[in-house]
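Contents: one structure, followed by commentary.
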Amino acid sequence: MRLDDFDPNINVEDQRGQGGGSGFGGFGGGGGGGLLFGLLPLVFSRFGCGGVAVLLAVLLFFGGGLGMLGGGGGGQVGAPTQQAGSARAGTDAKSSCTLNAESKVACNAFSSADKTWAAIFQREGKTFQQPKLVFYGGDGRSGCGAAQSAMGPFYCPRDQGVYLDTSFFGELANRFGAKGDFAQDYVIAHEFGHHIQNLLGTSDKVSSIQRSGNEVEGNKASVKLELQADCYAGVWAAQNRDRLDPGDLEEGMTAAKAIGDDTLQQQSQGRVVPDSFTHGTSAQRMKWLRTGMESGDPNACDTFSGAI
Ligand SMILES: [Zn+2]
């Protein structure tokens with residue numbers, strides 16, 4: 001896909017190289033700060049001002065705790081400051097996005113998705129909020145807890161962050177056999193799709209189903225959420241159709257096929273357990289990515305009512 005260079009004003013946070021590879025041993029402190037920070041808008045939207053007041057009280061309490069922890073390790077106190085500082089974007093985004101080829105691919109795709117979805121929201125009279133792209137290596141921290149490379153890329157609704165360890169792109173090509181720039185773009189666009197679901201309130205509905213305690217129903221809802229994120233990734237690609245190279249659709253399909261639950265389970269445990277699916281089968285993932293790419297319309301991505 002021939003994407004423009006990223007807009008230097010995209011919101012990028014970089015956790016790579018912090019702590020000198022020794023990890024964030026005590027990052028419960030830093031992560032806690034980030035968690036509370038990220039919870040503010042969430043609590044506000046769900047519980048209104050009363051909720052925020054309660055949260056602030058908790059924050060003050062935790063703030064004191066953080067101060068005490070601060071003496072123990074330099075990295076932790078910096079964490080919340082770092083997050084607040086990411087609003088500076090600009091030069092930060094530039095150096096983080098050009099650290100290596102993978103970072104640049106991620107930033108270009110993120111930046112393009114940002115523009116595309118801002119325009120879609122504007123057309124539909126909805127308010128768009130820019131998410132942030134967070135680079136981490138090995139161990140990182142997010143508003144949703146520890147970020148570990150083994151988890152693969154993920155989106156954290158609490159801090160509206162798309163988390164990526166760029167080594168995943170190598171894994172995608174080598175372990176999953178999904179090569180090519182579009183496979184990587186699809187990963188970013190899928191995570192961006194989760195941000196769209198967060199803005200539209202879809203993720204909230206799914207988490208309430210998951211909290212209800214029925215694991216099978218929770219997994220089913222998760223599959224619908226994931227397939228919709230695949231479809232949204234396709235919508236983004238369709239909206240940038242003039243930039244697609246021959247073979248991009250196939251690259252996307254190969255990636256979608258490789259990361260289907262049935263395929264992954266078959267590879268790892270030699271059998272398939274549909275009730276434990278959380279992302280959908282290879283066929284379903286391919287179908288919904290294709291639906292997005294062919295329609296270019298987010299309204300075509302209704303995985304919740306009807307057959308998937
Ligand atoms: Zn996902």
Side-chain angles (χ1 to χ4, degrees), residues 38 106 109-110 113-114 116-117 131-136 140 142-169 171-172 175-176 178 182-210 215 217-237 251-265 268 274 276-293 298 301-304 308:
F110 183 88
D114 206 41
T116 301
W117 283 106
K132 63 178 177 179
L133 175 62
V134 186
F135 289 112
Y136 71 97
S142 83
C144 298
Q148 284 171 332
S149 302
M151 295 156 60
F154 66 95
Y155 173 75
C156 170
R158 290 191 180 126
D159 62 11
Q160 304 198 352
V162 170
Y163 285 79
L164 177 72
D165 178 337
T166 54
S167 67
F168 178 76
F169 287 162
E171 208 178 332
L172 194 63
R175 187 171 145 212
F176 298 113
F182 188 74
Q184 300 173 359
D185 296 338
Y186 159 51
V187 169
I188 300 295
H190 170 97
E191 298 309 332
F192 210 104
H194 285 313
H195 176 63
I196 300 307
Q197 294 172 321
N198 186 24
L199 295 183
L200 296 177
T202 320
S203 338
D204 269 356
K205 281 183 204 145
V206 168
S207 20
S208 71
I209 295 172
Q210 286 168 334
E215 200 182 329
E217 287 307 312
N219 287 346
K220 274 190 192 152
S222 163
V223 166
K224 290 175 180 176
L225 193 74
E226 294 298 332
L227 293 176
Q228 188 177 60
D230 284 337
C231 186
Y232 284 166
V235 167
W236 162 74
E251 277 176 28
M253 287 300 143
T254 303
K257 190 175 177 193
I259 53 180
D261 284 327
D262 51 343
T263 305
L264 292 178
Q265 286 187 353
S268 64
S276 68
F277 287 173
T278 53
H279 285 70
T281 63
S282 294
Q284 287 170 332
R285 300 200 71 164
M286 291 164 77
K287 173 188 159 185
W288 285 101
L289 176 61
R290 190 187 289 276
T291 299
M293 286 182 89
C301 299
D302 186 4
T303 53
F304 286 89
I308 44 172

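Computed over heavy atoms, backbone and side chain alike; hydrogens, waters and symmetry mates excluded. Heads up: numbering here begins at 1 and tracks the sequence. Note that ligands are numbered from 1 as they come in the structure, with each ligand's atoms numbered from 1 the same way.
When side chains are defined from C-beta on, Thr254 does not count as touching Phe176, because their heavy atoms never get closer than 4.5 Å. Looking at Glu191 and Tyr186, their side chains never come closer than 4.5 Å, going by heavy atoms from C-beta outward. Contact check for Lys205 versus Leu225: no side-chain heavy atoms found under the 4.5 Å cut-off.
The Zn ion (ligand 1) has His190 NE2, His194 NE2, Glu226 OE1 as protein N, O or S atoms under 2.8 Å away.
For the atom pair Tyr136 OH and Met151 CE, the distance stands at 6.0 Å (nearest 0.5 Å). The distance from the CD atom of Glu171 to the CG atom of Asp165 is 9.0 Å, given to the nearest 0.5 Å. From Ile308, atom CD1 reaches atom OG1 of Thr291 across 12.0 Å, with rounding to the nearest 0.5 Å.
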